[in-house]
Number of protein chains: 2
Amino acid sequence: MSGEKNYECLRLGNQMCFPLYAASREIVSRYKAPLDEIGLTYTQYITMLVVWEHNVISVKDIGKLLYLDSGTLTPLLKKLEQKGYIERKRDSSDERLLNVSLTEEGLALRDKALEVPEKVACTIDLAPEEVSFLCRILHKLIGEKE
Amino acid sequence: MSGEKNYECLRLGNQMCFPLYAASREIVSRYKAPLDEIGLTYTQYITMLVVWEHNVISVKDIGKLLYLDSGTLTPLLKKLEQKGYIERKRDSSDERLLNVSLTEEGLALRDKALEVPEKVACTIDLAPEEVSFLCRILHKLIGEKE
DNA sequence: TCAAATTTGGTTGTGCGCAATTTAATTTTG
DNA sequence: CAAAATTAAATTGCGCACAACCAAATTTGA
C-alpha cells in the first residue's frame, strides 16, 4: 500500500504559505530605504502609525491593533522613547496599563513620514482592483484569528 | 500653506503592507502546532520542502528559491544537519558550493510531514478561487524582485 | 472581606531575516 | 600566466516575533 505516496502537497509552489511569507518580506523590505531616511525600522514605523492615529494609547491596545505582544513591544517602545518620539506613563486609574503618548518630536516626525508610503506605493506594480481584492482577502485571513 | 496636511495615507488600514505582514505571521503561526509534532520550525520546514524536491541542492540554489541568504541559511542548515535530516558537503568540482543532501532520516521525515499542509489547509477559510487569485497576486509581488 | 483568578506589562531565551564584512575558490583579463 | 574581479558561504551584530515565565495591580466571588 505504500511506496507510491503523493508528495505533491509538499511542493513549495503548492502551498499558500510560501508566497505570502515571501511577499510580506519583499514588501517590508521596500520600506527599508525610505524608513532609513527617517531613522525607523518597519515595526517601529507601524507602531508610530498607531500612536499618530491615537495620540495616547495603551501598550495593550497597540498590541491588539498590530497583533504583537509585550515581548516585542516593550523593547521597541523603549527604543522609541529613547529616540524621543513617545513617552511611556502608567495609567493613573489603572496602574497595570502603560499609556504611550506622542512627544513634540514624535508629532514632527509625522510630516517626514508622509513621504514613506508614497515612495513605497510607486514600486508596487498592481492595479487598484488587485490591491483592494488582495487587502480584502488578507483581512479575511487575519480576521480568522478571533 | 501647512496646518491642514492630509495624513490619511499614514493610517494603518490604508497601506497594503500591514495586512500582508499580519496575514503572513498569522498563517505561519498556524504551522507551529503541526510542525512542533515533527520537530521543525517554519523556516526549517520550507527548507526541507526544497531539499525533498531536489534531493541534492546547493545552499546558493536554496537561497534563490526561498529568497534567503547565507546569514539565515548557514545556521539553519547546520541545525538540520545536527538533527540528522541532511548532510552538507562541498561540491568536488567547485569548492565554493556547499551541497545539501537528504539522509535516510530526512527522507523518512517526509512521510510525517505529509500531515502538515493538510492540518493547516483546513484552518484556512477561503474559497479555492480566492486562494488561486491570492497566489497569483502574491507571485506578481514576489516576481517584481528581479 | 479576602483569597483566588485575571489582566497587564516586563523579562528571558530561541530562531529567524538581513545588512555588512570576511575568507576561500574560481573566473576574467590585461 | 598573474593580478583583479567575481562568486559562495561563513561570521557578526542588530532587531524583531514569539513562547514561557514572572510580578504587580485589579477584579471576582465565595
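Below, chains carry the letters A, B, ... as their sequence lines are ordered, and counting in each starts from 1. Computed from a predicted model, the values in this text were never measured in an experiment.
In this structure, B:L66 atom CG and D:dA9 atom P are separated by 13 Å, rounded to whole Å. Residue B:N99 contributes atom CG, which lies 11 Å from atom P of D:dA10 at whole-angstrom precision. Summarising the geometry, the separation between CG on A:L35 and C1' on C:dG17 is reported as 16 Å, rounded to the nearest angstrom. As rounded to whole Å, 12 Å separates atom C1' of C:dT12 from atom NZ of A:K78. The distance between atom NZ of A:K89 and atom P of C:dG9, rounded to the nearest whole Å, is 16 Å. Between the CG atom of B:L77 and the C1' atom of C:dG17 there is a distance of 14 Å, rounded to whole Å. Taking atom CE of residue B:M48 and atom C1' of nucleotide C:dG15, one finds them 18 Å apart after rounding to whole Å. The CD1-C1' distance, from A:I62 to C:dT8, rounds to 13 Å in whole Å.
Evaluation of the salt bridge (Lys or Arg N to Asp or Glu O under 4.0 Å) test over residues 45-65 of chain B, restricted to residues two or more places apart or in two chains, returns A:R11-B:E53.
Under the 3.5 Å distance criterion, the side-chain polar atoms of B:S132 are matched with a main-chain donor or acceptor of B:E129. At least one donor-acceptor pair under 3.5 Å links the side chain of B:E81 to the backbone N or O of B:R88.
Judged as a ring pair (Phe, Tyr, Trp, His ring centres under 6.0 Å), and not counting sequence neighbours, the contacts of A:Y31 are A:Y42, A:Y45.
Neither side chain, A:N14 nor A:Y7, offers a donor N or O lying under 3.5 Å from an acceptor on the other.
Residues B:N99 and B:R90 are not in side-chain contact: their nearest non-hydrogen atoms beyond the backbone lie 4.5 Å or more apart.
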What is the per-nucleotide protein-contact pattern of nucleotides 14-27 of chain D, from the 5' end, where B denotes a base atom under 4.0 Å from a protein heavy atom, S denotes such proximity for sugar-phosphate atoms only, and - denotes neither? -SSBBB-----BS-

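Phosphate contact (OP1/OP2 of D:dA8, side-chain N/O of B:R88, threshold under 4.0 Å): absent.
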